[in-house]
Amino acid sequence: MERSSGIRVRFAPSPTGWLHIGGARTALFNWLFARHNDGKFLLRVEDTDRERSNAEMTQGILDSLRWLGLDWDEEIVYQSKGINRHKAIVQNLIDNNKAYRCFCSTDELKEKREAAEKSGGAYLYDGLCRDLSKETIAQKIDENIPYTIRFRMPEGSTEFDDTVRNNVCVQNRELDDFIILRSDGTPVYQVAVVVDDHDMGITHVIRGDDHLSNAPKQIQIYRALNWEVPCFGHVPMILGPDKKRLSKRHGATSVSQYKTDGFLAEALINYLALLSWSPGDDREILSRNELIDAFTVERISRNASVFDVVKLEWMNAKYIHSLSNIELLEELRPDMDAKALSSVSDKFMLQLISLLKERMKRITDFNEQSHYFFTDPVDFEEKAVKKHWLKEGVAERLSIIIKKYESIENWNEQALEDVLRNLAEELEVGAGKLIHPVRLAVSGLGNTPGIFEVLVLLGRESVIRRLYRGVEWIKSKS
RNA sequence: GGCGCAUUCGUCUAGUGGUUUAGGACGCUGGCCUCUCACGCCGGUAGCACGGGUUCGACUCCCGUAUGCGCUACCA
């Protein structure tokens, strides 16, 4: 059943923070691409920045990926474990004259850069150490002068066909003889990615736009090594409402935050898929399988997109509404335990869910909208009090309905509604004149699900008790 | 500053030279439903950044301008 197309992609987060929305979308595109083509979706943790990386972050990223259902193939590759291999490749580059030692000090370079900037020009390495003689090199090494290794950038230009955008072409001059090995002997990102992608057999590099200008440099490394260059596809950034690259400044940006904020993984996936990509028809709600089915890199757009929480919320609501009551109960459970509501029966919860489901946009809405089902209201919404309680004859009408409800035989929706409407007719008032005060009394709120459904679920005892309290409250104010 | 990338309703997008009075969705909004809210349904609102070309014809092709974003580290 499982077959492979030879297509291999990867997601390569660096564990310097939590998985953020942008990273998740990149991961998703890679995942969809792999699954659509029967390829492999690999994971590589780029943990070579030891100062900023830590295992906890790695774990968090993995958890988020799992939560989103972006399952990966094969073993996770940890970039830090490949350092020796990366060093060996750098050595290889030196041996083949594709790279050279540079003895310029950080300070010297800094000065030159600042000078260049001051005179308005762009700074590029001046090539001072590009062609040192063997003797001088040996001598400097002898003198223990620290050095870095620079890539010997060939002349000409580098052109490549990005799968997402048009052809990209840059002058190699702009690429500079960039450093590939630091003076402390550690390889730099550019070589690590190339070596790892090559070793992992990556065929397509799908990553964020911010790497676009890295691509030509990396292509040059591939060529210097005589390695096959993978296909590149650079996906546009996700922006905040101010059109700036999405960051913490814009509020929640981590996937885990969206989880705790009550979003469903399926909804997030669906929404993220529609940022800079579309199936080409008018579908907006697409299941995971429909996404896999429809996904092609060619349909990724070149435009950055603004992350719109409001639309995500709308989509999340759609997904919540499409859940069965039992499924929704499972989603609610973690929160319930936290609120020590686990003693409530599932049967009751299921009934409550069917009342509240249509009104939920986020999982977290449930707690906010259901509290009066667990405890009598103590506060009453001011606006509703003004509108429905502090009016002529309300207490009297409530008292009558209490009597009626106390003597009702079958405590069900139909009976409760009939009694109330009949009473309204008798009193020659609109049914609302009874319904709203009752609602306020039992819930403390101006808005709730259908009142008769609420009354049934609440039960006779609780309803009568709350109605009496309501009447007392009103009388105490007049 | 240099280099690169981009530019369709407020937002996400469809559109690949004539089928378009530019379609859908979110939002906003009018109405229906109705015990309130929500859901649902019906309707409305609003857009091809600008200027030149190319062409019988341009949202679609080319060139400028503007704007935005990204990169420009011994970070990844």
Side-chain angles (χ1 to χ4, degrees), chain A residues 12-16 46-49 51-53 79 102 104-106 109-110 113 116-117 119-124 146-150 162 164-166 168-171 173-176 178-186 188-190 192-193 208-217 234 236-237 239 241 243-245 271 274-285 301-308 310-315 317 321 356-361 365 369 384 387-388 417 420-421 424 430-436 438-440 443 445-452:
Chain A
S14 55
T16 52
E46 307 210 320
D47 54 352
T48 47
D49 185 347
E51 285 182 20
R52 294 194 300 153
S53 307
Q79 190 160 67
C102 171
C104 299
S105 74
T106 318
L109 293 170
K110 201 172 172 188
R113 180 177 305 117
E117 276 165 9
S119 61
Y123 174 78
L124 288 170
Y147 59 87
T148 60
I149 305 297
R150 285 183 184 273
D162 192 287
V164 176
R165 33 200 92 233
N166 305 319
V168 180
C169 182
V170 286
Q171 297 302 311
R173 216 197 113 63
E174 301 292 335
L175 265 26
D176 208 2
F178 60 93
I179 289 170
I180 55 178
L181 193 82
R182 301 185 189 90
S183 51
D184 67 358
T186 59
V188 127
Y189 166 74
Q190 307 285 10
V193 227
D209 212 346
D210 47 344
H211 287 283
L212 187 59
S213 32
N214 284 328
K217 288 182 183 175
H234 290 91
M237 306 267 84
L239 278 19
K243 306 268 182 120
K244 298 240 187 275
R245 179 203 201 135
Y271 179 73
L274 261 26
L275 254 27
S276 294
W277 179 83
S278 88
D281 47 42
D282 284 341
R283 286 131 88 209
E284 298 261 20
I285 304 290
S301 97
R302 296 132 303 260
N303 308 130
S305 50
V306 173
F307 188 83
D308 182 7
V310 177
K311 185 156 184 178
L312 204 213
E313 224 170 27
W314 163 79
M315 193 170 276
H321 301 169
L356 264 19
K357 189 160 72 178
E358 289 299 323
R359 276 154 257 259
M360 294 170 61
K361 281 184 162 157
D365 287 343
Q369 295 174 10
K387 196 168 173 191
H388 302 302
E417 177 156 11
L420 185 138
R421 287 194 188 280
K433 286 271 190 291
L434 291 169
I435 289 174
H436 297 302
V438 168
R439 166 177 289 116
L440 223 203
S443 70
L445 303 173
N447 305 324
T448 71
I451 189 64
F452 305 109

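In this structure, the NE2 atom of A/H234 is 14 Å from the C1' atom of B/A76, given to the nearest Å. Protein atom CZ of A/R283 is 17 Å distant from nucleotide atom P of B/C26, rounded to whole Å. The distance from atom CH2 of A/W277 to atom P of B/A14 is 10 Å, rounded to the nearest whole Å. Rounded to whole Å, the distance from CZ on A/F178 to P on B/C71 is 17 Å. The CG atom of A/L212 sits 11 Å away from the P atom of B/G4 (whole-angstrom rounding). Spacing between atom OH of A/Y123 and atom P of B/A73 amounts to 9 Å, rounded to whole angstrom units. Between A/D162 atom CG and B/G4 atom P the separation is 15 Å, expressed in whole Å. Computed from coordinates, the A/I180 CD1 to B/A76 C1' distance equals 17 Å when rounded to whole Å.
The distance from the CG atom of A/L181 to the OG1 atom of A/T148 is 8.0 Å, given to the nearest 0.5 Å. To the nearest 0.5 Å, atom CZ of residue A/R245 and atom CG of residue A/D210 are 4.5 Å apart. Expressed to the nearest 0.5 Å, how far CD of A/Q369 lies from CG of A/N447 amounts to 10.0 Å. Here the straight-line distance linking atom CG of A/D365 with atom CD of A/E313 works out to 7.5 Å at 0.5 Å rounding. Atoms NE2 and CD1, from A/H388 and A/I435 in turn, are 10.5 Å apart once rounded to the nearest 0.5 Å.
Applying the 3.5 Å distance criterion, the base of B/C74 shares a donor-acceptor pair with the side chain of A/S183. Judged by atom type and distance alone, A/T106 reaches the base of B/C74 through a side-chain donor-acceptor pair under 3.5 Å.
Both distances falling under 3.5 Å, in either a Watson-Crick or a G-U wobble arrangement, occur for no nucleotide opposite B/U16. Under the Watson-Crick or G-U wobble criterion, with both distances below 3.5 Å, B/A73 is left unpaired in every strand shown. B/U60 is unpaired under the Watson-Crick or G-U wobble criterion, no partner having all donor-acceptor distances under 3.5 Å. B/A6: Watson-Crick or G-U partner is B/U67, with both key distances under 3.5 Å. Checking B/U34 for Watson-Crick or G-U wobble geometry (two distances, each under 3.5 Å) identifies no partner in any strand. Taking a pair to require two hydrogen-bonding distances under 3.5 Å in either a Watson-Crick or a G-U wobble arrangement, B/A22 remains unpaired. Using N1 to N3 plus N6-O4 or O6-N4 for Watson-Crick, or N1-O2 and O6-N3 for G-U wobble, each under 3.5 Å, B/U45 pairs with B/G27.
The separation of B/G52 from B/C74, taken at their P atoms, amounts to 46 Å, rounded to a whole angstrom. With P as the reference atom, B/G44 and B/A22 are 15 Å apart, rounded to whole Å. Rounded to a whole angstrom, the distance from the C1' atom of B/C61 to that of B/U16 is 11 Å. Here the separation of B/U7 from B/C62, taken at their P atoms, is 11 Å to the nearest Å. Only the P atoms considered, B/U45 is 38 Å distant from B/U65, to the nearest whole Å. Between B/A49 and B/G31, the distance separating the two C1' atoms is 36 Å to the nearest Å. When the P atom is compared between B/C48 and B/U21, the two are found 16 Å apart, to the nearest whole Å. For B/G51 and B/A58, the P atoms lie 14 Å apart once the distance is rounded to whole Å.
Stacking between A/H211 and B/G70 is absent: the aromatic ring centre is not both under 5.5 angstrom from the base six-membered ring centre and within 30 degrees in plane angle.
With salt bridges taken as basic N to acidic carboxylate O contacts below 4.0 Å, none links A/R302 and A/D162.
Taking the nucleotide of RNA chain B with the nearest heavy atom to each of A/R302 and A/T148, the more 5' of the two is matched to A/R302. The residue among A/T186 and A/L239 whose nearest nucleotide of RNA chain B lies closer to the 5′ end is A/L239.
For A/Q79, taking side-chain heavy atoms from C-beta onward, the closest of the listed nucleotides B/G70, B/A14, B/A76 is B/A76. Side-chain proximity of A/M237 to the nucleotides B/C69, B/A6, B/A76 is greatest for B/C69. Counting only heavy atoms from C-beta on, A/S14 has its side chain closest to B/A76 among B/C12, B/A76, B/G4. Which of B/C3, B/G4, B/A6 sits closest to the side chain of A/R165 comes down to B/A6. Across B/A14, B/A25, B/C71, the shortest atom-to-atom separation from the side chain of A/R245 is found for B/C71.
At least one side-chain nitrogen or oxygen of A/N303 sits closer than 4.0 Å to the OP1 or OP2 atom of B/U7. OP1 and OP2 of B/A73 both lie 4.0 Å or more from every side-chain N or O belonging to A/K110. At least one side-chain nitrogen or oxygen of A/S276 sits closer than 4.0 Å to the OP1 or OP2 atom of B/U13.
Residue A/R113 is in sugar-phosphate contact alone, with no base atom involved, counting any heavy-atom pair closer than 4.0 Å across all strands shown. Note on A/T48: only backbone sugar-phosphate atoms sit closer than 4.0 angstrom, heavy atoms only; bases stay farther off. Within the 4.0 angstrom heavy-atom criterion, only backbone atoms of the sugar-phosphate kind lie near A/S278; the bases stay farther away. Within 4.0 Å (heavy atoms only), A/E284 reaches at least one base atom of the nucleic acid. Using a 4.0 Å heavy-atom cutoff across all strands shown, A/N214 reaches at least one base atom of the nucleic acid.
Considering every non-hydrogen atom in both A/Q190 and A/N214, the closest pair reads NE2-OD1, 2.9 Å. Across every non-hydrogen atom of A/R439 and A/G446, the tightest pair is CD-O, 3.2 Å. For the pair A/K217 and A/L175, the tightest heavy-atom approach, listed with the atom from each and the gap, is CE-O, 3.5 Å.
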side-chain contact (heavy atoms from CB on, under 4.5 Å) assessment of A/L124 paired with A/R173
CA-CA 8 Å; A/L124 288 170; A/R173 216 197 113 63; 3.5 Å; yes
Worked verdict on A/T186 versus A/T48 for side-chain contact (heavy atoms from CB on, under 4.5 Å):
CA-CA 9 Å; A/T186 59; A/T48 47; over 6 Å; no
Summarise protein proximity over nucleotides 27-49 of chain B in one line of letters, 5' to 3': B for base, S for sugar-phosphate only, - for none, counting protein heavy atoms closer than 4.0 Å.
S-------BBBBSS---------
